[in-house]
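What you are looking at is a predicted structure, and each value in this text was computed from that prediction instead of being measured. Lettering follows sequence order; numbering is per chain, from 1.
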Protein chains: 2
Amino acid sequence: MSLSIKEASERLGIPPHTIRFYERKGLLPFLQRDPYGNRIFEERDMEWINLMIWFRATGMTVAELEEFVELAVQGDSTIPQRQDLLEKHKRKLQERQRELDRAFEAVNMKLAKYAEIQNGKRK
Amino acid sequence: MSLSIKEASERLGIPPHTIRFYERKGLLPFLQRDPYGNRIFEERDMEWINLMIWFRATGMTVAELEEFVELAVQGDSTIPQRQDLLEKHKRKLQERQRELDRAFEAVNMKLAKYAEIQNGKRK
DNA sequence: GTACACCTTAAACATAAGTTTAAGGCAACA
DNA sequence: TGTTGCCTTAAACTTATGTTTAAGGTGTAC
């Protein structure tokens, strides 16, 4: 039960060209071709691509994902390194969270200032 | 007590070209020039640019800032619109926060899966 | 046998927010 | 007079993540 790129793209929710782009970037090293050169998508490919999409959604860059993929193709022995990568990514997410908190504070301060001006006017 | 672009850039912590870039984008509508065409930075300009930098740091795009500036040059009467802009921005920050939370969950799940594999191996 | 839908690749384009380069002007200093 | 150092503008370049376009191949349906 293998899919064409179009069917795969529909099931994954991303355009065919994005799949090709990911392949060119080295994120999809398992993709096979049929005798005409067309890509064939098996179930395990679909799961892999979904994982890539999922990681992208967490803010991992394509370059970081490529590192990850390179480790993954070497088998389970590289799981510790992959854990490291994920931990590093997690720390980056934490930093983003702190930045976001500071941004909230800044916006709220400015809003408070505006509210003050508006109150002053109403006096 | 007015500053050159270099002095201003040093005090603001951003390169001169970024200041020029912001001016071209319409973020600095008050900048005056000396007889040679050189930009002059007064204290109130410095405060204004700092506000722009501050807003950028909260994730506002330059385009959004331009909207904001256009309102600001029209005076205090546009404060309600500026409040709206900030509220809209705040909602965007909230959305980013939710995304970040989901990203954390995803990364933690993957890490848990790895831990499981490693434990299985140790048995 | 000829449209049609689908596939391929390579390359150009898009967007954001700068950064870097190129070409030239003015002023002070030795 | 010439060398710095700073200033100006315009335009090209950078990075990331795709998207769009161009040019061409293949199989199926009529």
Side-chain angles (χ1 to χ4, degrees), chain A residues 2-42 45-46 49-69 85 89 92-93 96 99 103, chain B residues 2-29 31-42 45-46 49-69 89 92-93 96 99 103:
Chain A
S2 53
L3 305 174
S4 72
I5 196 168
K6 199 196 181 196
E7 292 161 332
S9 96
E10 275 160 11
R11 269 192 42 194
L12 294 164
I14 60 172
H17 270 92
T18 302
I19 298 178
R20 298 190 186 105
F21 172 74
Y22 283 168
E23 193 194 29
R24 216 169 53 237
K25 287 288 178 175
L27 264 48
L28 315 178
F30 307 121
L31 278 191
Q32 300 299 309
R33 303 296 182 112
D34 74 8
Y36 310 110
N38 295 349
R39 293 173 185 79
I40 295 171
F41 297 80
E42 308 284 352
D45 299 321
M46 297 299 282
I49 301 173
N50 255 327
L51 185 67
M52 296 297 106
I53 294 172
W54 190 232
F55 277 159
R56 280 290 297 123
T58 74
M60 259 199 209
T61 65
V62 169
E64 285 165 334
L65 272 178
E66 211 211 310
E67 252 189 281
F68 191 91
V69 171
L85 271 182
H89 180 55
K92 247 178 38 190
L93 290 180
R96 287 226 311 256
E99 275 167 22
Chain B
S2 55
L3 305 173
S4 71
I5 196 168
K6 198 195 182 196
E7 292 161 332
S9 97
E10 274 159 11
R11 269 191 42 195
L12 294 163
I14 60 173
H17 270 91
T18 301
I19 298 178
R20 298 191 186 105
F21 171 73
Y22 284 170
E23 193 194 28
R24 216 170 53 235
K25 287 288 178 177
L27 265 48
L28 316 178
L31 279 191
Q32 299 300 310
R33 305 295 182 112
D34 75 7
Y36 308 111
N38 295 350
R39 294 173 185 79
I40 295 171
F41 297 80
E42 308 284 353
D45 299 322
M46 297 299 282
I49 302 174
N50 255 328
L51 185 67
M52 296 297 106
I53 293 173
W54 190 232
F55 276 158
R56 279 289 299 123
T58 73
M60 258 198 211
T61 65
V62 169
E64 284 164 335
L65 272 178
E66 211 212 307
E67 254 186 279
F68 191 91
V69 171
H89 181 54
K92 247 176 41 190
L93 290 181
R96 287 225 312 255
E99 274 166 24

Original post:
Atom CZ of A/Arg20 and atom C1' of D/dG18: how far apart are they, to the nearest Å?
Top reply: 13 Å
Original post:
Roughly how far, to the nearest 0.5 Å, is the OG1 atom of B/Thr58 from the CG atom of B/Leu65?
Top reply: 7.5 Å
Subject >> Candidate nucleotides C/dT9, D/dT19, D/dC7, ranked by approach to the side chain of A/Pro15 - the nearest >> reply: D/dT19
Subject >> Whole-Å gap separating C1' (C/dG18) and CG (B/Leu65) >> reply: 14 Å
**OP:** Taking only the side-chain heavy atoms of A/Thr18 (C-beta and beyond), determine which of C/dC7, D/dG18, C/dA17 contains the nearest atom.
**Re:** D/dG18
**OP:** Quickly work out the B/Glu64 CD to C/dA17 C1' distance and round it to whole Å.
**Re:** 13 Å
Original post:
Crowded around B/Lys25 NZ? As in, over 12 foreign heavy atoms under 6.0 Å?
Top reply: no
**OP:** Could you check which of C/dT8, D/dG18, C/dC6 has an atom nearest any side-chain atom of A/Val62?
**Re:** D/dG18
**OP:** Starting at atom CD of A/Glu66, determine the distance to atom P of D/dT17, rounded to an integer number of angstrom.
**Re:** 11 Å
**OP:** Among D/dT8, C/dT19, D/dG18, find the nucleotide with the atom closest to the side chain of A/Phe21.
**Re:** D/dG18
Subject >> Given DNA chain C, 5'-ward residue of the pair B/Tyr36 and B/Ala63, judged by closest heavy atom >> reply: B/Ala63
**OP:** Mind checking the CZ-CG spacing from B/Arg96 to B/Leu93? Nearest 0.5 Å is all I need.
**Re:** 5.5 Å
Original post:
Of the non-hydrogen atoms in A/Ile19 and A/Leu28, which two are nearest, and what is the gap between them?
Top reply: O-CD1, 3.6 Å
Original post:
Within this structure, what is the CZ-to-P distance between B/Arg24 and D/dT8, rounded to whole angstrom?
Top reply: 13 Å
**OP:** For A/Lys25 and D/dT15, give me the distance from atom NZ to atom P, rounded to whole Å.
**Re:** 11 Å
Original post:
Does B/Arg39 place a side-chain N or O at less than 4.0 Å from the phosphate oxygens OP1/OP2 of D/dC7?
Top reply: no
Original post:
Given atom CE of A/Met52 and atom C1' of D/dT17, what is their separation to the nearest angstrom?
Top reply: 16 Å
Original post:
At what distance, to the nearest 0.5 angstrom, does CG of B/Leu51 lie from CZ of B/Phe68?
Top reply: 6.0 Å
Subject >> B/Ile5 CD1 to C/dT19 C1', straight-line distance once rounded to whole Å >> reply: 14 Å
Subject >> No-H, no-angle donor-acceptor pair, B/His17 side chain to C/dT21 base, under 3.5 Å >> reply: yes
**OP:** Please check the phosphate of D/dG18 (OP1 and OP2 only) for any side-chain N or O of A/Arg56 closer than 4.0 Å.
**Re:** yes
Original post:
With respect to the phosphate group of D/dT17, does any side-chain polar atom (N or O) of A/Tyr22 fall under 4.0 Å of OP1 or OP2?
Top reply: no
